[in-house]
Chemist: 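The structure's right below; bear with me while I get my questions together.
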There are 2 protein chains.
Amino acid sequence: MKKVKLNEIARAAGVSRSTVSLALRGSPLIAKPTAERVREAAQQLGYVYNRTAAALRNRKTHTIGLVEANFKNPFFAAMSESVEREIELRDKALLFVDSAESLERQQKAIQLMLEHGVDGILLCPVKHTTPEHLEILKKAGVPFVLFSRYIPRFDADYVGAANVEGAYQAVRRMIQLGHRKIVFVGGEPFTSPWLDRVKGFKKAMQEAGIELSTHWYFCSEVSVAGGASKVDEVLQIQSTPTAALCYSDTVAFGFMLGLERRGIRPGRDFAVVGFDDLPESKLWRPPLATLACPPSRVGSMATRMLIERLDGDEGPPRRVEIQSILVHRESLCPVMEHGSGITRIDE
Amino acid sequence: MKKVKLNEIARAAGVSRSTVSLALRGSPLIAKPTAERVREAAQQLGYVYNRTAAALRNRKTHTIGLVEANFKNPFFAAMSESVEREIELRDKALLFVDSAESLERQQKAIQLMLEHGVDGILLCPVKHTTPEHLEILKKAGVPFVLFSRYIPRFDADYVGAANVEGAYQAVRRMIQLGHRKIVFVGGEPFTSPWLDRVKGFKKAMQEAGIELSTHWYFCSEVSVAGGASKVDEVLQIQSTPTAALCYSDTVAFGFMLGLERRGIRPGRDFAVVGFDDLPESKLWRPPLATLACPPSRVGSMATRMLIERLDGDEGPPRRVEIQSILVHRESLCPVMEHGSGITRIDE
DNA sequence: GTGTATAATTAAATCGGTCTAATTGGAGGA
DNA sequence: TCCTCCAATTAGACCGATTTAATTATACAC
């Protein structure tokens with residue numbers, strides 16, 4: 001049970017500790033037969049490489065920090081998966097924290113990562129994160145890449161979806177389909193994707209000369225429950241909306257379930273569009289129209305950008321937007337010809 | 001940008017490195033005013049504690065390894081969240097790997113964790129894991145706890161749901177409601193929860209003297225798509241089933257969506273029960289009956305068991321089963337009185 | 001046979017805290 | 001004044017691998 005170290009191997013193989021170290025790392029300095037002998041001895045003794053010791057000397061832990069803001073969201077889960085793949089390929093490890101939309105937790109996580117000496121950090125900042133909160137990362141000199149969310153007026157590497165453009169596309173299509181009363185449902189305000197999606201939404205409405213109603217956006221937790229919880233509020237608007245752009249597919253699912261509960265059929269009585277194109281979106285009844293921006297692309301792009309930084313890329317910060325493509329499915333229906341077709345339960 | 005270390009602080013505070021170390025860790029050996037002075041100097045200089053260096057000396061990394069088998073499953077995501085909470089409380093870090101149901105990846109993950117010197121490991125073994133695969137953990141002397149899945153004939157700490165009992169309850173209720181043709185849908189075979197759920201299923205059927213049809217179980221990926229993909233096969237059975245116990249809520253969602261697509265209404269024409277009681281299950285249309293076993297309970301229980309091991313608990317391995325409670329909701333309907341009520345598409 | 005170039009190996013310093021054993025300083029007692 | 005005792009502080013070995021500079025061994029040329 002006692003841990004085997006280089007010295008034991010050295011003794012067993014009849015060489016010095018230096019030789020063992022070099023041999024195990026595959027250094028060309030060591031003669032082949034010697035290296036082979038060393039490797040066998042290590043194997044024999046059940047040697048386990050001690051990365052901690054190596055890290056101390058190397059000033060490299062071969063560890064990447066991943067700080068998620070909300071990983072119960074399936075989009076982030078899928079993203080994390082691709083991050084993992086990229087990390088695994090490079091024989092690195094992932095230090096993981098879900099800040100769960102808590103600024104305090106995020107800051108503690110960052111501190112933790114710094115203390116562990118991660119080589120780099122992938123961060124999706126929680127709402128209300130300011131440049132000052134992230135200044136510590138720059139001071140510490142740790143390479144980091146923001147993903148999914150950026151911080152205004154904070155110059156840093158970033159990879160995320162083209163949110164303004166995506167929302168704009170979706171709303172334009174809704175308008176083409178005859179909708180005029182459109183709302184934006186769900187999402188955490190004070191995050192860049194929310195602001196950008198709302199921006200794209202407004203832009204499309206303004207270009208079409210459509211006035212926004214007094215209440216035209218509704219914030220919520222990004223989840224099925226969050227979407228479901230907003231249905232009543234939306235239906236209480238003076239002149240009932242006929243379409244909703246939802247912050248995410250999960251929100252859209254909840255919203256559709258809520259509509260159905262009120263006897264309103266999404267995809268016929270009410271148009272719904274989400275964001276993310278989750279695998280189940282096309283299986284829904286009705287299939288959910290959505291803005292597709294593959295989470296795996298975001299994840300692997302962010303990871304690769306970070307790796308390049310680790311490899312010494314000193315260029316100015318880069319901002320990469322990944323295209324959001326509108327996937328038109330049944331839930332995105334035209335407006336009903338004669339009246340709204342909606343029977344309000346409370347009437 | 002240069003890293004501040006104990007020596008710098010020592011110089012600044014006019015004390016020795018030892019004093020700084022002791023002071024920062026809050027040792028009672030150091031006089032209060034001195035400790036305060038040291039802490040201020042550290043603060044001033046922007047010192048970041050180097051856990052790697054400490055770990056080398058301490059033989060403790062304050063790091064826990066979490067190896068998931070399938071964390072795209074929301075149940076695991078929720079579980080991981082509670083693991084994180086417990087870990088965070090104790091100021092430890094999480095080294096995370098999703099083995100994604102790949103044995104090779106799992107073994108590589110275990111190796112990685114050992115090399116990083118994690119203090120303990122939480123592991124949900126992938127299918128086909130044998131005692132031999134995990135022997136390395138025992139040899140290495142690293143405390144570990146299995147969660148959600150156990151390995152037959154492998155004596156180790158384990159926390160998971162009461163699967164046999166849960167499935168048994170569900171099927172008994174189905175039988176009480178008049179169902180006779182019942183199938184088990186979804187899930188990865190060769191994992192203990194699958195085997196146990198199938199076992200409970202069989203037990204209830206046998207006790208009721210109901211014969212199982214030739215094809216009565218259907219394996220699938222644990223996801224909405226997995227559930228949806230099995231609908232056709234289920235409906236092709238000679239005498240059409242009237243009820244399905246699904247491996248998970250996600251599978252049940254997919255299965256229900258598939259049924260609807262075929263014009264069969266779950267909760268009226270077909271009874272469906274899932275496992276997990278996800279937050280959205282009660283929001284579904286119809287609300288999904290399910291076996292509830294809070295993922296947060298599993299996660300925090302497993303983590304605490306591991307922590308106790310780290311704290312020196314040397315007792316024999318413990319197996320903890322967390323009760324699964326049948327939550328009766330609309331999707332668990334009685335069998336239709338006159339005929340199956342199902343119009344088969346292919347007839 | 002000697003000298004030199006080259007290949008293979010190794011000694012030893014190093015990474016940054018930790019912690020025990022040793023040292024120092026000051027209070028109090030005789 | 002000297003001694004004892006205890007509190008506060010510190011020197012220095014240590015954790016386990018890495019890596020450079022130094023050393024030894026080997027080959028080859030003349």
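Just so it is clear: chains get the letters A, B, ... in the order the sequence lines come, proteins before strands, and each one is counted from 1.
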Chemist: Could you check whether the side chain of Ser21(A) and the base of dG16(D) have a donor-acceptor pair of N or O atoms closer than 3.5 Å, going by distance alone?
Modeler: no
Chemist: What are the two closest non-hydrogen atoms of Cys124(A) and Arg149(A), and how far apart are they?
Modeler: SG-CD, 3.7 Å
Chemist: Taking CG from Leu114(B) and P from dA17(D), how many angstroms apart are they, rounded to a whole number?
Modeler: 14 Å
Chemist: In whole angstroms, how far is the P atom of dA17(D) from the NZ atom of Lys3(A)?
Modeler: 10 Å
Chemist: Would Lys32(A) and Glu36(A) pass as an ion pair if we require N to O under 4.0 Å?
Modeler: no
Chemist: Check the distance between dA13(D)'s C1' and Arg57(B)'s CZ and give it to me in whole angstrom.
Modeler: 8 Å
Chemist: Quick one: on DNA chain D, does Arg59(B) or Ile30(B) contact a more 5' nucleotide (nearest heavy atom)?
Modeler: Ile30(B)
Chemist: What is the distance, rounded to the nearest whole Å, between atom CG of Leu24(A) and atom C1' of dG16(D)?
Modeler: 13 Å
Chemist: Under 4.0 Å, heavy atoms only, any strand: does Thr52(A) hit a base, just the sugar-phosphate, or nothing?
Modeler: nothing
Chemist: Using a 4.0 Å heavy-atom cut-off, does Ser27(B) contact any base of the nucleic acid, only the sugar-phosphate backbone, or nothing at all?
Modeler: nothing
Chemist: Using the closest heavy atom to pick a nucleotide of DNA chain D for each, name whichever of Ala54(A) or Ala31(B) lands nearer the 5' end.
Modeler: Ala31(B)
Chemist: Looking at the base of dA11(D), is there any donor atom on it, or on the side chain of Ser16(B), that sits under 3.5 Å from an acceptor on the other one?
Modeler: no
Chemist: What is the first contacted nucleotide of DNA chain C and what is the last, in 5' to 3' order, if contact means an atom lying under 4.0 angstrom from a heavy atom of chain A?
Modeler: dA8(C) to dG16(C)
Chemist: Ion pair present between Glu308(A) and Arg304(A), side-chain N to carboxylate O less than 4.0 angstrom?
Modeler: no
Chemist: Look at Lys108(A) together with Glu104(A) and state whether they make a salt bridge at an N to O cut-off of under 4.0 Å.
Modeler: no
Chemist: At under 4.0 Å between heavy atoms, what does Val15(A) touch on the DNA or RNA strands: base, sugar-phosphate, or nothing?
Modeler: sugar-phosphate
Chemist: Quickly work out the Leu22(A) CG to dA21(D) C1' distance and round it to whole Å.
Modeler: 13 Å
Chemist: Is a salt bridge present between Asp91(A) and Arg51(A), judged by a nitrogen-to-oxygen distance below 4.0 Å?
Modeler: yes
Chemist: Starting at CG of Asn50(A) and ending at P of dT18(D), how long is that distance when rounded to a whole Å?
Modeler: 9 Å
Chemist: Do the side-chain N and O atoms of Glu115(A) and Gln111(A) include a donor-acceptor pair separated by under 3.5 angstrom?
Modeler: yes
Chemist: Between the two ends of the helix from dG1(C)-dC30(D) to dA30(C)-dT1(D), what is the bend in degrees, rounded to 10 degrees, where each end axis spans five pairs?
Modeler: 60°
Chemist: With no hydrogens and no angle check, do the side chains of Glu68(A) and Ser80(A) hold a donor and an acceptor under 3.5 Å apart?
Modeler: yes
Chemist: OP1 or OP2 of dA17(D) less than 4.0 angstrom from a side-chain nitrogen or oxygen of Arg25(A), does that happen here?
Modeler: no
Chemist: In terms of the nearest nucleotide of DNA chain C, which residue is placed more toward the 5' end: Arg17(A) or Lys32(A)?
Modeler: Lys32(A)
Chemist: Please report the distance, rounded to the nearest Å, between CZ in Arg51(A) and P in dA17(D).
Modeler: 13 Å
Chemist: Do Glu101(B) and Lys127(B) sit within salt-bridge range, that is, some charged N less than 4.0 Å from a carboxylate O?
Modeler: no
Chemist: If you look at every heavy atom in Ala140(B) and Leu114(B), which pair is closest and at what distance?
Modeler: CB-CD2, 3.8 Å
Chemist: Taking Phe75(A)'s backbone N and O only, do any of them form a donor-acceptor pair with Asn73(A)'s side chain (distance below 3.5 Å, no angle check)?
Modeler: yes
Chemist: Starting at atom CG of Leu29(B), determine the distance to atom P of dT10(D), rounded to an integer number of angstrom.
Modeler: 13 Å
